[in-house]
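As structure tokens, the structure follows; a few thoughts come after it.
As the structure is a prediction and not an experimental result, all values here were calculated from the model.
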Amino acid sequence: PGFLLRYCSRKVRNVIEEAPHWSQRDWAGARAYLLDLYGSNDRAPRCTPDKLRRWSKRYAGRGVFNCVQDVDRYYREFISRSNRLLKDPPRMLESEVNILFYRGIPAAYRFKIKRRLSIEDSPPTIEAVLALLRREFDKDDIDYLDSDSSDESSELDSDEAPPRPKKK
């Protein structure tokens with residue numbers, strides 16, 4: 001067990017290096033000691049419906065989507081929090097989880113995709129909202145607007161001929 005200390009951070013080493021398990025060759029004792037100290041870190045954090053509601057509201061206020069990777073990051077974070085609430089026994093309805101996913105989207109994108117949502121999907125599924133969000137960043141989509149394209153479009157939209165020099 002003594003060699004294990006080499007691979008620990010200084011903070012962890014300061015906690016465990018004086019324990020009697022490290023000077024002896026007692027792997028079972030060292031394992032039990034570490035589990036006693038750090039066993040709670042292995043448990044998944046408890047997510048409650050209220051925590052998911054607060055997180056969704058906070059994300060909508062501070063979250064930003066600059067690329068499709070930001071959308072996917074939001075999706076992964078949301079799913080990691082919500083999946084535990086839908087397992088047996090479910091602590092939330094799937095429809096409420098779908099609504100929270102939609103409400104967690106930053107307002108500018110929520111407004112953009114709201115126009116494209118089907119009225120029959122009430123509330124829209126996470127998969128439907130995710131597909132629309134990903135389409136916002138699809139360069140092959142006809143409605144895609146790149147940040148560089150605004151400069152080009154202003155040059156192309158100009159139907160006027162350049163001004164002629166005045167005669168004296």
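- The distance from the CZ atom of Arg110 to the CG atom of Leu133 is 11.0 Å, given to the nearest 0.5 Å.
- Residues Val97 and Phe78 meet the side-chain proximity criterion, which asks for heavy atoms closer than 4.5 Å.
- Between Ser95 and Pro123, the shortest heavy-atom contact is O-CG, 3.6 Å.
- At least one side-chain heavy atom of Met92 sits under 4.5 Å from a side-chain heavy atom of Leu100.
- Applying the 6.0 Å contact sphere to CZ of Arg62 captures more than 12 heavy atoms from other residues, nucleotides or ligands.
- For CZ of Arg31, the number of neighbouring non-hydrogen atoms (other residues, nucleotides, ligands) closer than 6.0 Å is 12 at most.
- For the pair Asn98 and Pro124, the tightest heavy-atom approach, listed with the atom from each and the gap, is CB-O, 3.3 Å.
- Across all their heavy atoms, Cys8 and Ile16 have their closest contact at SG-CD1, 4.0 Å.
- The cationic group of Lys114 does not satisfy the cation-pi geometry with Phe111, failing either the under 6.0 Å distance to the six-membered ring centre or the 45° limit from the ring axis.
- Each of Val129, Ile126, Asp70 was scored for a side chain to side chain contact (heavy atoms under 4.5 Å, CB included) with Tyr75, with one residue passing: Ile126.
- Within a 6.0 Å radius of CD in Glu94, other residues, nucleotides and ligands contribute 12 heavy atoms or fewer.
- Phe65 is not listed as a side-chain neighbour of Glu136, based on a closest heavy-atom distance of 4.5 Å or more.
- Distance CZ/Arg91 to CD/Glu96: 12.5 Å, rounded to 0.5 Å.
- Annotation: side chain of Arg53 is not in contact with side chain of Lys57 (no heavy-atom distance under 4.5 Å).
- In this structure, Leu130 and Arg134 have side chains that are in contact, with non-hydrogen atoms separated by less than 4.5 Å.
- Residues Leu117 and Tyr102 are in side-chain contact: their nearest non-hydrogen atoms beyond the backbone lie under 4.5 Å apart.
- The CZ atom of Arg103 sits 8.0 Å away from atom OG of Ser56, with the distance rounded to the nearest 0.5 Å.
- Listed here is the closest heavy atom pair of Glu77 and Ser80: O-OG, 2.8 Å.
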